[in-house]
Student: 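Please read through the structure below; I'll follow up with questions.
Start at 1 and go down the list; that is how both ligands and their atoms are numbered.
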Amino acid sequence: MRFEGSRVLVTGAGAGFGEAISRRFAAEGARVLVSDIDLAAAERVTGELDGALPFELDVTDEAATQAMAAAAVEAWGGIDVVVCNAGLPHRAMPMIQMDTADFDRMWDVNVRSIFFAAKACVPHMGEGSSIVSVASIGGRRPRANLTPYNASKGAVITLTKGLAAELAPTVRVNCVTPVSAPTGFDKVAMGIDELPEKLEARVVSGIPMGRRASPDDVAAAIAYLASDDAGFLTGVALDVDGGRSIG
Ligand SMILES: NC(=O)c1ccc[n+]([C@@H]2O[C@H](COP(=O)([O-])OP(=O)(O)OC[C@H]3O[C@@H](n4cnc5c(N)ncnc54)[C@H](O)[C@@H]3O)[C@@H](O)[C@H]2O)c1
């Protein structure tokens, strides 16, 4: 098992990708701090995992992020992997129609949170440790009407590369750029539980592998980036996109 005894922190881990990421690390032997703004959701996930700890964290709260790092250090003596997964989409709309407060909130959750997590956790991370963030393929190939979200994910990619340069060789810093996946994301972005058939077909038609991403696809890629198998990889933005960005 690649993460036997490793100490792993995951944000936004009460559902969707974060839940799958937590399960994946736990299945590979890690102790996982499952944090989410929704404590009940975090507790539901930890209830099914050996040695996992739930933690209530709004990633826009710097003091709470410091408290999360402190809780991991108190319980386990240090931190090996931090997965900055929490993120907010917004309703698709022309950028100039977006409320500034919504723009700021989305930017705080998607970008500022990673700054907070790095500040809180890096002092407790040693040789061979790593940070992996969840960006989006939209951060590489933005399309109309998701401009603020895509720009925030472009910032995650740049932040990843800059931080990787700063923290090498001690801490590796990478990110994944998933294509659309059926999680609670659709509900937030569009107010629906799942994409209507026609829209689903349109999204899938742009993905050579013929389907949307799954939370397990994303969790597997993150586990790889955090593992010793990727020990020479830093500053990488790994496309988990079924080939969407090929052409
Ligand atoms: N699902 C997709 O299509 C897709 C594609 C590319 C990238 N992403 C990115 O993947 C990440 C996870 O998204 P998901 O699809 O699993 O979403 P999701 O909505 O299924 O889950 C998000 C989780 O984050 C938590 N959360 C929300 N705001 C928070 C905050 N301020 N602090 C802490 N936790 C918070 C929610 O309670 C929830 O448990 C996000 O960064 C998202 O931008 C998603």
Student: Side chain of Arg23, backbone of Gly18: donor and acceptor closer than 3.5 Å?
Tutor: no
Student: Look up atom CG in Leu33 and atom CE in Met68, then write down how far apart they are to the nearest 0.5 Å.
Tutor: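 Rounded to the nearest 0.5 Å, the CG-CE separation comes out at 6.5 Å.
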Student: Protein N/O near ligand 1 N/O, under 3.5 Å, which pairs?
Tutor:
residue	atom	partner	partner atom	Å
ligand 1	1 (N)	Ala181	O	3.3
ligand 1	1 (N)	Thr183	OG1	3.1
ligand 1	3 (O)	Ala181	N	2.8
ligand 1	3 (O)	Ala181	O	3.3
ligand 1	15 (O)	Thr183	OG1	2.5
ligand 1	16 (O)	Phe17	N	2.8
ligand 1	20 (O)	Gly184	N	3.1
ligand 1	31 (N)	Asp58	OD1	3.0
ligand 1	32 (N)	Leu57	O	3.4
ligand 1	32 (N)	Val59	N	3.0
ligand 1	34 (N)	Ile37	N	3.3
ligand 1	37 (O)	Asp36	OD1	2.7
ligand 1	39 (O)	Asp36	OD1	3.4
ligand 1	39 (O)	Asp36	OD2	2.6
ligand 1	41 (O)	Asn85	O	2.7
ligand 1	41 (O)	Gly87	N	3.4
ligand 1	41 (O)	Lys153	NZ	2.9
ligand 1	43 (O)	Tyr149	OH	2.7
ligand 1	43 (O)	Lys153	NZ	3.0

Student: Do the two ring centres, one from Phe185 and one from Tyr149, sit under 6.0 Å apart?
Tutor: yes
Student: Would you confirm whether Asp80, through its side chain, and Arg7, through its main-chain N or O, come within 3.5 Å as a donor-acceptor pair?
Tutor: yes
Student: Looking at Ala64, is its backbone amide N or carbonyl O close enough to the side chain of Asp61 to form a donor-acceptor pair, meaning the two atoms are under 3.5 Å apart?
Tutor: yes
Student: Could you tell me which residues satisfy side-chain contact (heavy atoms from CB on, under 4.5 Å) with Ser227, sequence neighbours excluded, listed by chain and number?
Tutor: Arg2, Phe3, Tyr224, Asp229
